[in-house]
K.L.:
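Let me give you the structure first, and then I'll get to my questions.
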Amino acid sequence: MDKYKVIIGLEMHCEISETNTKVFSSAENSYNDTPNSNVRPLDMAFPGTLPVVNKEAVKKALMISIALNCKQPEYLYFERKNYYYPDLPKGFQITQETKPAPIGIYGELVYECNGEKKKARINNIHLEEDAASTDHHTTFSTIDYNRAGVPLLELVTEPDFHSSDEAVSFLEAMRSIYKYANVSEADSRKGQIRCDVNVSIMDANLDETDPKNYGTKVEIKNVNSFSGVRDAINYEIKRQIELKETNKYDEMTQQTRRFDETSISTIYMRSKVDAIDYKYFVEPNIPKFKIDPNWIEEIKTLIPTFALQRKENYINNYNLSDYDATILVKEKEVSDYFEETIKLGCNPKSSANWLTSIILGHLNKYELSIKDIYLTPAMLVDLIKMIDDGKISSKQGKQVFYKVLEDKKEPAEIVKEQGMEQIGDEETIREIVVPIIEQHLELIEEYRKGRNVFDFFVGQVMKQTRGKANPSTTAKIIKEEIEKR
Amino acid sequence: MEYMNKTIEEIHESLINGEVTVKELIEESLKKSHEVNDKCNAFVTILDDAKEVEVTDNLLSGIPYGIKDNYSTKGILSTGSSNTLKDYIPFFTATAIKNLEKAHAIAVNKTVLDEFGMGGTGTTGHTGVVKNPWDLSRMCAGSSAGSASAVAAGVYPYATGSDTGDSIRKPAAYTGTVGYKPTYGMISRYGLFAFASSLDHCGVITRSVKDAAIVVDNMKGIDKNDMTSWDSSNIHLYDSIDSNIKNKKLCYIKELCNIENYPNASDELKKHLENFKQTINKCREIGMEVEEESVDKTLLEAIASTYVVISCAEATSNMSNLTGIIFGPRGEGKNYIEMMKNYRTEGFSPLIKRRFVIGSYVLQAENKDKYFHNAQRVRRLIVDTWNKLYEKYDAIILPVGSGPAKHLDGSLDILDKNTSALEEHLQVGNFGGFPSITIPNGFVNNLPVGVNITGKCYDDINVLNIAYALENSMNYKNQIAKEVK
C-alpha cells in the first residue's frame, strides 16, 4: 500500500429538500407521497410547458456556495444537458456548466478526519433538477415523477482525498452543513444524497501536485450511501493495486464503473471514449438573472455557525470534552438548544451533562427530535437551577424531567404539585425540630452518654415533612438544639 | 348578409346593435370553415360544437377566430400538425388562448401548420398541403399556413399564429393579410409547442393593422409560467394607434431592395421591387422620411445560415420530449429505445428529421464552437447592426420575399440563390425579438405581395402606427381573397 498514493475526487449530489416547490415547476417538493402525485405538466414535459426558476432554491444554493467560500457568479444562467433516458421526460436536464459560471466556483472546506483538520478544494457547485425515480421489477419497471424536478445541488471537489476515511469524513462534514443550513435533510435513505467517486493510484515517490503524475482515472457512478463510498473506494484501490502488481495497469483505460452493493465491488460500465456528448447549451427559456450583491449579503446573515466551529468553541471556551462537544454539535437543533440554555445563564457543563446523558438518551430511545419534546431550553435552565439551589435533589430532577414531558407542565409546577420542594429555611426547620426534641428529652441524656441519636431525630423530621426538609440543614439545627439543652 | 369578411370593430358594432347574433356568427364561420377546408385544407380540427358566449364591451367578445394547432388547448386535439401528436388532447390551455377566452372570443377551428412550425411552405403538416385561396396552385408559405389561408378566405377576422423565422409575416404577405408578431415576451409562450425557444413568438394574422392591435392587446400580458414574458399593462396598442406619423423616419436596406443586386431577376421579382419603391414613395407622400441604408452583404447573407444553426439546435433539444411514452401514439418495440426510435422514425416528416440531424451536428462537442457559438456571435452582430439603425430610424421597411406566393409545384419557380437574403431577412426580427408586422402593399400578376415594418424592442406602438398610416394610404385593408385561377 505504501508503494502507492491514492488520489480521490468526489461528486456529491444532494437534493434540496427544504423548499416548498420544485426547482423549475410549481409542483410540491416533498418526499413521502404517493407516487406521481407531486407532478405538474412540466415535470412530464408536456408540449408547451416552460421552466420557471424557484428563487428559494437559488437562495439555498447560494447559501451553500457562500458557506464553501466559493465565488458566486454575477449572472445566473442555466444550461441544457441533452440525453435520452426514461427518467428524463424532457430529454434534457436543466443544469449548470462551468461556462457560464455556475452558482459557485473555486471554494474550499476545512473538515475533520480522525481528529485531524484537513482541507479540500471545491471545483464548483451547481444547481440542477433531479430526474424521476425508477424501480426495476422482474418483468417491468415503474417511474415516479415525484422526484422529477426536485432541486439538486452537485458539488465537485478537486482530487484532494487520499483515503476512504478522508472522503467519507468530507461527505459527513458536507451533510452536516446541508442540515445546519436547512437546505436539505441530506438523508441517504431517502435517496437525497448520491455520489460519484473518482479513484486513481500513483507511485508514492512521484509528486502529487503535478496532475501529469496521476494514474488512470476511474469514475464510480451512483454510490448511494457513505458506507457504499467507503466500500467502493477500498475495493477500487485494491483492484487497481492488483493491476499494478500484475503489470496489467497500463492496459486499463479511463473508464466509468458502477458500484454493486450486493457483491461490494465495482463493475465496468463504459470506457471514456464512449462518453456521452451532452450537447450543452444555455437554456433559452430562463433569461440570465443578475445576482444582486445585496442579496448575497442578506443570505450571508442567514448562514449559521457550522458544527466544526461550534465544537471548537465548546471545547475551548466552555471546557467541554471533545466527546461531549461532538455529541452536542451532531444535530443543529441540539446545539442550538444547548446554546440557548447558555444564553439564559446556565452553566455550560450542567447543560451539556443534562443534554448528553438524560435528554439525548430519552430522544434516542423514542426516536424523537429535540423539537418534539415539551421541555424548552428555559425549562431546562429552571430545572438545573432548582437542583443547584438545593430546592430539589438531582434524583428528583430526573423525575421532574420525565414528568414535564408527560404532563406538559413547567418544572416548577411539577415540583410544587409533587410536593418536592425542599424545606431549607432554618427557622421553619427549627420549628419542627424543637417540639420533637422536647418530646424526647430522655434521648439528650443518652446523647451525653455518647449515643448517636441524630439519625432518630432526622428520621422524625423527615417523617413529618415527608422528606422535604433539607437533610444537612436539618442535621445542623438538631445539633444546635441538643447542644443548647 | 355576411360578417366574417368584416373588421372586428364592424362585427362588434353589429353584435351590439343586434343586427346579428353570436349564434349566427358561429354558424357563418363554421360553414366557411368547411368550405375553405374543402378547397384549401386549412384546418386540423373544425369545432362544430363551438359554444356561444355573452357579448361584452370587449371588441373580441362573441367573434369567432382560429387557433394555430401548435397552441395547447384543453380538451381539444392539439397536434402541431405532426403524426407524433396526432391523438394528443392536452389538459391545459396556452396562456395566450386563455386570455382570448377571457375576452369571450370563440375558437371555431385549429389551423394547419408546417409540422411543429418547422417549415415555410405549409406543405408538411400531417393533414396535407395548405393551399392559397388566391390561387390554389400556390402555397400560403408557412408555417402559419392554415391561419393565413383562413383569414384571407374570410372564415373569421383573425387567427393566432406563431413566428420563429417568419412564420406569421411571410404567410401574411402571400395571402394579402396582415401578420404581426409583437416584441419577444409580450405574449406568453406558455402552451405554445416549442420549436426554437429563443426565436419563438406568438402573434396573429388579421386583415387590418387595427385588428392586429385589438387581438394582441387581448393575447398579451406577463405570465408567471413564462419567465421571458414581461409586464406590458401600460401598453394599449389599439388605443394608441392614431396614424400620427409626423417626423417618423424609416430606412430600407439597399443591398436587399435594389433591383441591380439581382442580375437574374425574374419578372415577378422586378415587379415586386418596383411595387416596393412605390410603397416607399407612399410613405414619403404621407409625411414620413425614408432613407436608404447600406448593410454589409456578408452579414445579410449570413442571416439564413445563422437561423438554421440556432433554430435546428434548439429544436432538436426542444423536441426530445417527443418519445411516444408519456403522450402521443406509443411506438412498438422490445424496449423503450426501440419504442422511441420507431415512434420518432414513423412520426416525423423527412424535413424535420433533416433539421434534427443539423441541430445535433452543430451542437456536437467538436462542432459546437464552429457552428453553434459562431451562429450566436453572428446573431449578436446582426442584432447590433439593426439596433444601430434604430438609433437613427423609427423602423426598417423592407419587401417580404421575392414576389407573390410560390407554386406548390416547386419546378414552376426559378431558383435564384441571389434572393436568399431577401427571402430570409425577416428572421432578424426573431434574432432581436423585434416587433414586426407585414401588411399587403399591392399585387404582382394579380397575386398579393407584402411589405414589412420592423422596429426596436418594446416599440410596438410605433411600428403599428407606421403600418396603420401606410395601410390607410393604400387600398388593401381588409381584403378577402378572390380566386384568380
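Order of the sequence lines sets the chain letters (A, B, ...), proteins ahead of strands, with each chain counted from 1. Predicted, not measured: the structure shown is a model, and the values here were computed from it.
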K.L.:
Got a sec: does the CG of A:N20 have more than 12 other heavy atoms crowding it under 6.0 Å?
P.N.:
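Atom CG in A:N20 is not packed in, count stays at 12 or less.
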K.L.:
Does atom NZ of B:K370 have more than 12 heavy-atom neighbours from other groups under 6.0 Å away?
P.N.:
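No, the 6.0 Å shell around NZ holds no more than 12 heavy atoms from other groups.
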K.L.:
Determine whether a donor-acceptor pair (N or O, by modelled atom type, separation under 3.5 Å) exists between the side chain of A:N82 and the backbone of B:S317.
P.N.:
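No, A:N82 side chain to B:S317 backbone: no donor-acceptor pair under 3.5 Å.
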K.L.:
Rounded to the nearest 0.5 Å, how far does OG1 of B:T228 lie from CG of A:L50?
P.N.:
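A:L50 CG to B:T228 OG1: 7.0 Å, rounded to 0.5 Å.
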K.L.:
Identify the heavy atoms of A:A45 and B:N321 that sit nearest to each other, and give their distance.
P.N.:
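Distance-wise, the nearest heavy atoms are O-ND2, 2.9 Å.
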K.L.:
Mark yes when over 12 heavy atoms from residues, nucleotides or ligands other than B:Q364 sit less than 6.0 Å from its CD; otherwise mark no.
P.N.:
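Correct, the count exceeds 12.
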K.L.:
More than 12 non-hydrogen atoms from neighbouring residues, nucleotides or ligands closer than 6.0 Å to NZ on A:K81, yes or no?
P.N.:
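Buried by this count: over 12 neighbours within 6.0 Å.
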K.L.:
Distance from A:R40 atom CZ to B:F92 atom CZ, nearest 0.5 Å?
P.N.:
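The distance works out to 9.0 Å.
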K.L.:
Looking only at heavy atoms and a cut-off of under 4.5 Å, which of B:N318, B:L322, B:I325, B:T323 has the most pairs with chain A?
P.N.:
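Highest number of pairs under 4.5 Å: B:N318.
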K.L.:
Assess whether side-chain contact (heavy atoms from CB on, under 4.5 Å) is satisfied between B:M227 and A:V53, documenting all intermediate values.
P.N.:
CA-CA 8 Å; B:M227 288 187 84; A:V53 178; 3.7 Å; yes
K.L.:
With chain A as the partner chain, list the residues of residues 332-347 of chain B whose heavy atoms fall under 4.5 Å from it, by residue number, and write 'none' if nothing qualifies.
P.N.:
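Counting heavy atoms that sit under 4.5 Å from chain A, the residues of residues 332-347 of chain B involved are B:Y336, B:M340, B:R344.
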K.L.:
Do you know which of B:G80, B:S320, B:S360 has the most heavy-atom pairs with chain A at a distance under 4.5 angstrom?
P.N.:
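Winner by heavy-atom pair count: B:S320.
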K.L.:
Sort A:D277 into side chain, backbone, both or neither according to what part of it lies under 4.5 angstrom from a heavy atom of chain B.
P.N.:
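Only the side chain of A:D277 comes within 4.5 Å of chain B.
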K.L.:
In terms of heavy-atom proximity below 4.5 Å to chain A, should B:Y88 be classed as side chain, backbone, both, or neither?
P.N.:
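When you check distances to chain A, only side chain atoms of B:Y88 fall under 4.5 Å.
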K.L.:
Among A:S26, A:P51, A:G48, which residue forms the greatest number of heavy-atom pairs with chain B at distances under 4.5 Å?
P.N.:
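Result: the option with the highest number of such pairs is A:G48.
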K.L.:
What part of A:V282 gets closer than 4.5 Å to chain B, counting heavy atoms only: side chain, backbone, both or neither?
P.N.:
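No part of A:V282 comes within 4.5 Å of chain B.
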K.L.:
What part of B:L199 lies closer than 4.5 angstrom to a heavy atom of chain A: side chain, backbone, both or neither?
P.N.:
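Neither part.
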K.L.:
Would you check if A:Y280 and B:L363 make a side-chain contact, meaning some heavy-atom pair closer than 4.5 Å?
P.N.:
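A:Y280 does not reach B:L363 side chain to side chain.
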K.L.:
Tabulate, in ascending numerical order, the residues of residues 189-197 of chain B having at least one heavy atom closer than 4.5 Å to a heavy atom of chain A, or enter 'none'.
P.N.:
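B:R189, B:Y190, B:G191, B:L192, B:F193, B:S197, listed by number.
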K.L.:
As an exercise, state the distance from CG of A:N285 to CG of B:D226, rounded to the nearest 0.5 Å.
P.N.:
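Between A:N285 CG and B:D226 CG, I get 7.0 Å after rounding to 0.5 Å.
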K.L.:
If you draw a 6.0 Å radius around CZ in B:R377, do more than 12 non-hydrogen atoms from other residues or ligands fall strictly inside?
P.N.:
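Correct, the count exceeds 12.
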K.L.:
With distance as the sole test, does B:K368 use its side chain to make a donor-acceptor pair with the main-chain N or O of A:F281 at under 3.5 Å?
P.N.:
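It does not hold such a pair.
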K.L.:
Nearest 0.5 angstrom please: A:R80 CZ to B:E314 CD, how far?
P.N.:
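One gets 7.0 Å once the value is rounded to the nearest 0.5 Å.
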K.L.:
If you count heavy-atom pairs under 4.5 Å with chain A, which of B:S72, B:A365, B:P90, B:S78 comes out on top?
P.N.:
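The answer is B:A365.
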K.L.:
With a 4.5 angstrom heavy-atom cut-off, could you sort out which part of A:F289 is near chain B: side chain, backbone, both or neither?
P.N.:
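Interface part for A:F289: neither.
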K.L.:
Is A:Y145 in contact with chain B via its backbone, its side chain, both, or neither, using a 4.5 Å heavy-atom distance?
P.N.:
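The answer is the side chain of A:Y145.
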K.L.:
Count the heavy atoms of every other residue, nucleotide or ligand shown that sit under 6.0 Å from OH of A:Y106, and state whether that count exceeds 12.
P.N.:
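At most 12 heavy atoms, drawn from other residues, nucleotides or ligands, come within 6.0 Å of this atom.
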K.L.:
Hey, is NZ on A:K290 packed in by over 12 heavy atoms from elsewhere, all under 6.0 Å?
P.N.:
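Buried by this count: over 12 neighbours within 6.0 Å.
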K.L.:
Determine whether more than 12 heavy atoms belonging to other residues, nucleotides or ligands lie under 6.0 Å from atom NZ of B:K353.
P.N.:
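Counting neighbours around NZ of B:K353, more than 12 heavy atoms of other residues, nucleotides or ligands fall under 6.0 Å, so yes.
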K.L.:
Heavy-atom pairs under 4.5 Å with chain B - which of A:F92, A:Y85, A:Y84 has more of them than the others?
P.N.:
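Ranked by heavy-atom pairs under 4.5 Å with chain B, first place is A:Y84.
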K.L.:
Could you tell me whether the side chain of B:F327 reaches within less than 4.5 Å of the side chain of A:P47, counting heavy atoms only?
P.N.:
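Yes, at least one pair of side-chain atoms sits under 4.5 Å.
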